[in-house]
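The structure appears below as structure tokens.
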Number of protein chains: 2
Amino acid sequence: MIELSKAEFEVLDALWINYPATASQIIERLSGDKQWHEKTIKTLLSRLVKKGALTFEKDGRQYIYTPCMERADYTLKESQNFIERFFSGRIAPLVSGFAKSEQLSQQDINELKKVIDDWEKNQK
Amino acid sequence: MIELSKAEFEVLDALWINYPATASQIIERLSGDKQWHEKTIKTLLSRLVKKGALTFEKDGRQYIYTPCMERADYTLKESQNFIERFFSGRIAPLVSGFAKSEQLSQQDINELKKVIDDWEKNQK
DNA sequence: AAAAATAGATTACAGGTGTAGTCTTGAATT
DNA sequence: AATTCAAGACTACACCTGTAATCTATTTTT
């Protein structure tokens, strides 16, 4: 699995919003929440390319970036990894931890029920 | 939140198995899965102390370590953090990702149902 | 055409991390 | 008593990360 740092992921996440995109578009998207200098974001883009998380095509002097993987695939792998490390690969203890500390809303519960429902339908 | 590296967490995790414990006991516990040098583990113990994740009492020339927090509390915070970063704080999309990629077993589903059940009982 | 802006490439640099090795000191062994 | 062992302290060192600044080669702008 490609290992991305937090900052790298956030840049990639901005690209996932809509791609392909140029560096300036990505910088623009990040300008709201992050106080990152333009140079910082460009460094992160280079590192993402180096790690194989992005590719680009040249358009004159600019690069047009595209992610090499889908967000859902990446987050799934990260999730598996996380759950393996902290909960020996079982997902219920994670959810249970949330439940016990009052972190679950009725909406979360409804959504979880739906996930279970869909899963069961799929088994038939 | 105290930030622990992967290796640091694994050492702390070995302590959580049973504590208080000495360095040699922890090294013993880790000797199965990890190929860590004894010195490596001791370095990690020092770093954990420095970060405030452990304390110790002296027993002659040895230290007897105790975690400063409970595993469940630590993993809950890590989980919140993780879910915030990757799923905007919502837990269902994580579970849903697992479901879609056939990562859920019937046992997982049963456990999740129980968590939901317990949550609902608790609401009444 | 000269100057200024801009794209990416390269360099920087401190703090974290994995992974030990060496140093110091007191305890155990011969 | 002298030597060896072992505990923790301190040092090491390369790679990763966050966070840019500088360099180089165009494009724009004046």
Side-chain angles (χ1 to χ4, degrees), chain A residues 1-15 19-67 74 78 81-82 85-86, chain B residues 1-15 19-67 74 78 81-82 85-86:
Chain A
M1 185 175 61
I2 298 182
E3 298 266 356
L4 304 182
S5 76
K6 284 186 188 192
E8 285 159 2
F9 174 77
E10 292 189 62
V11 171
L12 180 50
D13 214 12
L15 178 57
Y19 56 85
T22 63
S24 9
Q25 289 174 316
I26 294 169
I27 290 166
E28 174 58 30
R29 286 175 202 170
L30 289 166
S31 68
D33 6 305
K34 312 300 298 184
Q35 314 307 314
W36 281 332
H37 194 285
E38 161 226 1
K39 298 295 188 186
T40 299
I41 297 174
K42 289 189 173 183
T43 297
L44 293 169
L45 283 169
S46 308
R47 290 182 184 168
L48 283 163
V49 168
K50 194 171 171 194
K51 288 188 178 185
L54 308 175
T55 29
F56 60 83
E57 285 193 20
K58 288 194 182 176
D59 172 33
R61 212 148 63 95
Q62 290 191 134
Y63 290 175
I64 307 201
Y65 297 94
T66 307
Y74 180 76
E78 282 296 318
N81 209 283
F82 181 87
R85 294 200 314 116
F86 292 103
Chain B
M1 185 174 63
I2 296 182
E3 298 267 355
L4 304 182
S5 76
K6 284 187 189 193
E8 286 159 0
F9 174 78
E10 292 189 62
V11 171
L12 179 50
D13 215 12
L15 178 58
Y19 57 85
T22 64
S24 11
Q25 288 174 318
I26 295 170
I27 290 166
E28 175 57 30
R29 286 175 201 169
L30 288 165
S31 68
D33 6 305
K34 313 299 299 185
Q35 313 307 315
W36 282 334
H37 195 285
E38 161 225 0
K39 298 293 188 187
T40 300
I41 296 174
K42 289 188 173 183
T43 297
L44 293 170
L45 282 170
S46 308
R47 291 182 184 169
L48 283 163
V49 169
K50 195 172 171 196
K51 288 188 179 187
L54 310 173
T55 28
F56 59 83
E57 285 194 20
K58 288 195 181 176
D59 172 33
R61 215 147 60 92
Q62 289 190 135
Y63 290 175
I64 306 202
Y65 296 94
T66 308
Y74 180 75
E78 282 296 319
N81 209 285
F82 181 86
R85 294 200 315 115
F86 292 103

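A note on names: the letters A, B, ... follow the listed sequences, proteins ahead of strands, and every chain is numbered from 1. Note that the structure is a prediction, hence the values are computed from the model and not measured.
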Item to check | Chi angles and distances behind the side-chain contact (heavy atoms from CB on, under 4.5 Å) call for A:L4, A:Y74 | outcome: CA-CA 10 Å; A:L4 304 182; A:Y74 180 76; 3.5 Å; yes
Item to check | Protein-nucleotide distance (B:K42, atom NZ; D:dA6, atom C1'), rounded to Å | outcome: 7 Å
Next on the checklist: Expressed as a whole number of angstroms, how long is the span from A:R61:CZ to D:dC23:C1'?
Outcome noted: 14 Å
Checklist entry - If you look at every strand shown and take non-hydrogen atoms under 4.0 Å, does A:K58 touch a base, only sugar-phosphate, or nothing? => result nothing
Next on the checklist: Do B:L45 and B:I26 have side chains that approach each other closer than 4.5 Å (heavy atoms only, starting at C-beta)?
Outcome noted: yes
Checklist entry - Using a cut-off of 4.0 Å on non-hydrogen atoms, how would the nucleic acid contact of A:K50 be classed: base, sugar-phosphate, or nothing? => result nothing
Item to check | Interatomic distance where CZ belongs to B:F56 and C1' belongs to D:dA7 [whole Å] | outcome: 12 Å
Next on the checklist: Heavy atoms only, 4.0 Å cut-off, all strands: where does B:S5 land among base, sugar-phosphate and nothing?
Outcome noted: sugar-phosphate
Checklist entry - How close or far is atom P of D:dC16 from atom CD of A:E8, stated in whole angstroms? => result 10 Å
Next on the checklist: What is the separation between atom CG on B:D59 and atom C1' on D:dA7, rounded to the nearest whole Å?
Outcome noted: 12 Å
Next on the checklist: Between P on D:dC15 and CZ on A:R47, what's the gap in Å once rounded to a whole number?
Outcome noted: 14 Å
Checklist entry - Would you say the side-chain atoms of A:E10 pair up with the backbone N or O of A:A7, donor to acceptor, closer than 3.5 Å? => result no
Checklist outcome for this item: Heavy-atom closest pair (A:L48 atom, A:V11 atom, distance to 0.1 Å) is CD1-CG1, 3.8 Å
Item to check | Rounded distance in Å - CD1 (A:I27) to P (D:dT19) | outcome: 15 Å
Next on the checklist: Is there a salt bridge (Lys or Arg N to Asp or Glu O under 4.0 Å) between B:K42 and B:E38? Walk through the geometry before answering.
Outcome noted: CA-CA 6 Å; B:K42 289 188 173 183; B:E38 161 225 0; 3.3 Å; yes
Next on the checklist: If the cut-off is 4.0 Å, is A:W36 near the phosphate of D:dT19, judged by side-chain N/O to OP1 or OP2?
Outcome noted: yes
Checklist outcome for this item: Taken in chain and number order and not counting sequence neighbours, the residues that satisfy side chain to side chain donor-acceptor pair (under 3.5 Å) with A:K51 are A:E8
Next on the checklist: Would you say the rings of A:F82 and B:F86 are close, in the sense that their centroids are separated by under 6.0 Å?
Outcome noted: no
Next on the checklist: From C-beta outward on A:H37, which listed nucleotide comes closest to its side chain: D:dT17, D:dA9, D:dA20?
Outcome noted: D:dA20
Checklist entry - Which is the 5'-most and which the 3'-most nucleotide of DNA chain C that has an atom under 4.0 Å from a heavy atom of chain B? => result C:dT17 to C:dA27
Checklist entry - Starting at the 5' end of DNA chain D and moving along, which residue's nearest nucleotide shows up first, A:E3 or B:Q62? => result B:Q62
Checklist entry - If you find the nucleotide of DNA chain D closest to B:E38 and the one closest to A:E38, which residue's nucleotide is nearer the 5' end? => result B:E38
Next on the checklist: Here's a test of your reading of the structure: between B:L4 and A:A23, which maps to the more 5' nucleotide of DNA chain C?
Outcome noted: A:A23
Checklist entry - Whole-Å distance between D:dA20 P and A:L45 CG? => result 15 Å
